[in-house]
Amino acid sequence: MRLTRTAALTTATALALLLPAADAHAAGIACGGSVSTQGITANGCISAEKGKEGRVYTREIKAHVVLTNTRPRAAYVDYEAFFRVVSGGHWVKIGDGRTLVPRRTTTGPVDVGSSTRICFVVNAKVEIRVHVRPAGGAWSNWTGAATSQCQT
């Protein structure tokens with residue numbers, strides 16, 4: 001009986017992962033490497049959602065963070081995200097926030113900020129970087145992710 005239940009759960013999970021998104025404009029989230037500070041681990045993630053304003057095609061580039069708390073107690077965690085176009089761009093802060101991460105759990109992806117970009121002929125590569133700080137602690141190193149902003 002236990003084997004049947006496990007097989008059913010595994011099959012249901014596999015089917016859920018294979019089903020396509022209902023929204024044609026839904027954005028996938030890609031995560032980069034992880035950084036850690038004082039029992040809090042963070043992964044910077046990026047998504048690019050299609051849009052259109054009149055005749056102009058756009059992408060809303062969003063920064064996300066996935067937070068893991070390995071501490072025995074819940075922790076408040078501050079986070080900041082920055083954005084830039086790789087070819088000659090400078091870093092611009094697009095968001096920050098604070099959230100409570102329960103003990104020994106993972107939270108996210110949490111939306112940190114976004115920037116709407118116009119799609120040109122050139123498919124520019126964009127990247128985000130995120131860092132985190134547990135309450136009363138020190139900022140972590142940077143974790144980042146990148147995408148081509150107007151990929152199809």
Side-chain angles (χ1 to χ4, degrees), residues 13-152:
T13 303
L15 285 174
L17 292 174
L18 293 175
L19 292 177
D23 182 4
H25 298 289
I29 297 176
C31 295
S34 63
V35 294
S36 183
T37 181
Q38 302 166 352
I40 303 295
T41 303
N43 290 82
C45 306
I46 192 169
S47 65
E49 190 169 339
K50 295 178 183 180
K52 188 174 181 182
E53 294 180 21
R55 294 186 194 179
V56 179
Y57 288 95
T58 62
R59 294 293 185 271
E60 183 177 9
I61 309 297
K62 290 185 179 179
H64 311 270
V65 65
V66 176
L67 301 166
T68 302
N69 181 1
T70 60
R71 297 173 166 188
R73 293 196 168 92
Y76 280 100
V77 179
D78 298 317
Y79 46 83
E80 292 181 331
F82 291 77
F83 165 88
R84 79 173 180 141
V85 176
V86 174
S87 58
H90 59 280
W91 289 105
V92 176
K93 185 175 181 177
I94 59 172
D96 59 20
R98 185 176 200 179
T99 191
L100 179 65
V101 183
R103 69 186 189 103
R104 295 188 175 108
T105 61
T106 298
T107 301
V110 177
D111 288 349
V112 182
S114 66
S115 176
T116 301
R117 309 292 300 173
I118 295 173
C119 292
F120 295 110
V121 177
V122 178
N123 193 10
K125 184 175 181 180
V126 296
E127 64 182 332
I128 59 99
R129 67 180 185 182
V130 177
H131 67 165
V132 299
R133 176 180 64 187
W139 284 103
S140 68
N141 287 327
W142 296 102
T143 174
T147 188
S148 294
Q149 74 176 25
C150 293
Q151 61 191 4
T152 56

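Heads up: numbering here begins at 1 and tracks the sequence.
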Worksheet item: What is the ring orientation for Trp142 with Phe82, classed by angle as parallel under 30°, tilted 30 to 60°, or perpendicular over 60°?
Response: perpendicular
Discussion item. With a 4.5 Å cut-off on side-chain heavy atoms, are Ile46 and Phe83 touching?
Written reply: no
Worksheet entry | Results of salt bridge (charged side-chain N to carboxylate O under 4.0 Å, His left out) for Lys52 - residues two or more places apart only | none
Worksheet, complete the sentence: When every non-hydrogen atom of Gly32 is compared with those of Asn43, the smallest separation belongs to O-ND2, 3.3 Å
Worksheet item: Does the Thr143 side chain pair with the main chain of Gly33, one donor and one acceptor, at a distance under 3.5 Å?
Response: yes
Discussion item. When you measure from the side chain of Asp111 to the backbone of His64, do you find a donor-acceptor pair of N or O atoms at a distance under 3.5 Å?
Written reply: no
Discussion item. Less than 4.5 Å apart, side chain to side chain, heavy atoms only: is that true for Asn69 and Pro102?
Written reply: no
Response to the item:
Here the pair of heavy atoms bringing Ala145 nearest to Ala30 is CB-O, 3.8 Å
Worksheet item: Rounded to the nearest 0.5 Å, what separation is found between the CD1 atom of Ile94 and the CD1 atom of Ile61?
Response: 9.0 Å
Worksheet item: Considering residues at least two apart in sequence or located in another chain, which fulfil the side chain to side chain donor-acceptor pair (under 3.5 Å) criterion with Thr107?
Response: none
Practice prompt. Compare every heavy atom of Trp139 with every heavy atom of Tyr79, then report the nearest pair and how far apart it is.
Written response: CA-CZ3, 4.2 Å
Discussion item. Looking at every heavy atom in both Ala138 and Thr37, which two are closest together, and how far apart are they?
Written reply: O-OG1, 3.4 Å
Worksheet item: Are side-chain heavy atoms of Val66 and Thr106 found at a separation under 4.5 Å?
Response: yes
Practice prompt. Go through Arg71 and Arg103 one step at a time and tell me if the side-chain contact (heavy atoms from CB on, under 4.5 Å) criterion holds.
Written response: CA-CA 6 Å; Arg71 297 173 166 188; Arg103 69 186 189 103; 5.9 Å; no
Fill in: Side-chain heavy atoms of Ser115 within contact of Arg117, under 4.5 Å
yes
Discussion item. If the condition is side chain to side chain donor-acceptor pair (under 3.5 Å), which residues does Arg84 pass it with, not counting sequence neighbours?
Written reply: Glu127
Worksheet item: Going by heavy atoms in the side chains, are Arg59 and Val126 under 4.5 Å from each other?
Response: no
Practice prompt. Hey, could you give me the CD/NZ distance between Glu49 and Lys62, rounded to the nearest 0.5 Å?
Written response: 5.5 Å
Item to complete: Sorted by first residue and then second, give each disulfide bond (SG atoms under 2.5 Å apart) pair with at least one member in residues 38-114; sequence neighbours left out.
Response: Cys31-Cys45
Worksheet entry | Residue list, salt bridge (charged side-chain N to carboxylate O under 4.0 Å, His left out) with Arg98, at least two apart or on another chain | Asp78
Discussion item. Assess, by modelled atom type and distance only, whether the side chains of Glu60 and Ser114 contain a donor and an acceptor separated by less than 3.5 Å.
Written reply: yes
Fill in: By side chain to side chain donor-acceptor pair (under 3.5 Å) - contacts of Gln38 (at least two apart)
none
